[in-house]
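Okay, so here's the structure we're looking at.
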Amino acid sequence: MSDLSEKTPKTPQTPQTPEPSDLPKLLVVTGETASGKTALGVELAKRLDGEVICADSATVRRGVDIGTAKPTAEERQEVPHHLLDVVEPCGDFTAAVFKRLANQAIDDISARGKLPIMVGGTGLYIDGVIYDFDFMPAGDRQAREELNRLNPSQLLDRIKRLRLDASGVDVRNKRRLIRLIETKGQKPTRQPLRGNTLLMGLKTPREEIEQRMIKRLDDMLEAGLEDEVRALADRYDWDCEALKGIGYAQWKDYFQGDQSLPETRSKIIRATFEYAKRQRTWFKRNKSIHWFHTPVNVEEVVDYATTFLNGQVPS
RNA sequence: GCAGGGUUAGUGAAGCGGUCAAACACGUCAGACUGUAAAUCUGAUGGCAUAUGCCUUCGUAGGUUCGAAUCCUACACCCUGCA
């Protein structure tokens, strides 16, 4: 279990559910990787007197800066950023912990009269907050490792023996099976979209976004990505969370001499494309997101957000 | 010029007379997703219908056969050895 989750209360800050209209106003900016979320978030924060909450499973981690396209020191100086660097490189972190921390940040920011703006591409993290996911109990570390040694059919046997209901669960996905055992079959719940929340997404034509991803990777390489990864690899094992991300894991064979630099680069590019595809699939089904096409007209976004902040429903 | 090896779907690569629209890998496309989510998993991938269906493919053109990606002949291109 992560020490983080021990320090934070298991229940939300506000025990009694407030009326939707009492919730602090929240802006959400999402989109696939390299779509320009970070820049837009900073811009909005400046215009609307806000602060940014990063909803990203990679940038929560210390030690990974270049490869995660973490907001720069300048950006962080211009606008306060929350939930960056909150875990050690190899520490545990989950969507449930994120949800708690994000809600704290939202309350904190709005209590100081500022506007919270959640920016990120980790769909599960965002949804956990805005749909108030009721995360099931965490699994025990050791028990999980033991379960992980079983194969899917062994896990299914155990599920049957425990008389757990496996309906609706992807029985070919080991993690889902393990999770089913850990939660003893409890079904998760979700609430309707959080009140006072405005969802905005950035959309870029495929060709263009892929070019941006490649360009961004080349910038990262120039900025010393290889050294950053090597430093981590020297200190930690390859199964350290920090080294499992895109732009990190792909260096393993290279450092062991089995892979050229161009091969490493194209592996990272491919992994990035695959990730973007998963993001697109995730966001596609959320009909509440209002999409802006890039290059975004910041005025247009500010107008849209302002309408919402004035208590009206933007169209 | 002579001798030998090769030419298979987007790529690499199996298949060497019927059970082949053709293994497998990669790539590509689509999807799922509630305490690992930059994770994990699934499906499709010649065309058209999309349930058991039909049509066009295995360098090109002919031939043998009830039947060919698989055998024969010629041609084209590529690689290797001898000239």
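All chains are named by letter (A, B, ...) in the order of the sequence lines, taking the proteins before the strands, and each is independently numbered beginning at 1. Remember, it's a predicted structure, so these values are computed and weren't measured experimentally.
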Answer with base, sugar-phosphate or nothing: what part of the nucleic acid does [X] contact at a heavy-atom distance below 4.0 Å?
X        : result
A:Gly123 : nothing
A:Thr68  : base
A:Arg61  : nothing
A:Asp127 : nothing
A:Tyr248 : nothing

Rounding to an integer number of angstrom, what distance separates [N] and [M] when you compare their [atom1] atoms?
N      : M      : atom1 : answer
B:rG4  : B:rC72 : P     : 13 Å
B:rC24 : B:rU45 : P     : 12 Å
B:rA23 : B:rG15 : P     : 13 Å
B:rA13 : B:rU7  : P     : 9 Å
B:rU60 : B:rG53 : C1'   : 31 Å
B:rU19 : B:rU28 : P     : 33 Å
B:rU8  : B:rC58 : C1'   : 4 Å
B:rA21 : B:rU57 : C1'   : 8 Å

Residues that [X] engages under salt bridge (charged side-chain N to carboxylate O under 4.0 Å, His left out), provided they are two or more places apart:
X        : answer
A:Lys184 : none
A:Glu78  : A:Lys46
A:Arg265 : A:Asp218

With a 4.0 Å cutoff (strictly under), does any side-chain N or O of [X] reach OP1 or OP2 of [N]?
X        : N      : value
A:Thr281 : B:rG31 : yes
A:Arg176 : B:rU34 : yes
A:Arg175 : B:rC41 : no
A:Lys284 : B:rG31 : yes

Exercise. Give the rounded distance in Å between these two atoms: NZ of A:Lys187 and P of B:rG35.
Key: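 Distance, rounded to whole Å: 12 Å.
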For [Y], is there any backbone N or O sitting under 3.5 Å from a side-chain donor or acceptor partner on [X]?
X        : Y        : result
A:Thr30  : A:Gly121 : no
A:Thr72  : A:Glu75  : yes
A:Arg176 : A:Asp170 : no

Quiz item: For A:Val302, which residues count as a side chain to side chain contact (heavy atoms under 4.5 Å, CB included) partner, sequence neighbours excluded?
Solution: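 A:Val302: side chain to side chain contact (heavy atoms under 4.5 Å, CB included) contacts with A:Leu44, A:Arg47, A:Leu48, A:Val298, A:Thr306.
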Practice problem: For A:Thr307, enumerate each residue passing the side chain to side chain donor-acceptor pair (under 3.5 Å) test, keeping only those at least two apart in sequence or located in another chain. | Solution: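 With sequence neighbours excluded, A:Thr307 shows a side chain to side chain donor-acceptor pair (under 3.5 Å) to no residue whatsoever.
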Quiz item: Is there a donor on the side chain of A:Asp170 or the base of B:rU42 sitting less than 3.5 Å from an acceptor on the other?
Solution: no
Quiz item: When you measure from every atom of RNA chain B, which of residues 267-280 of chain A have a heavy atom less than 4.0 Å away?
Solution: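 Per residue number, the list reads A:Arg270, A:Tyr275, A:Lys277, A:Arg278.
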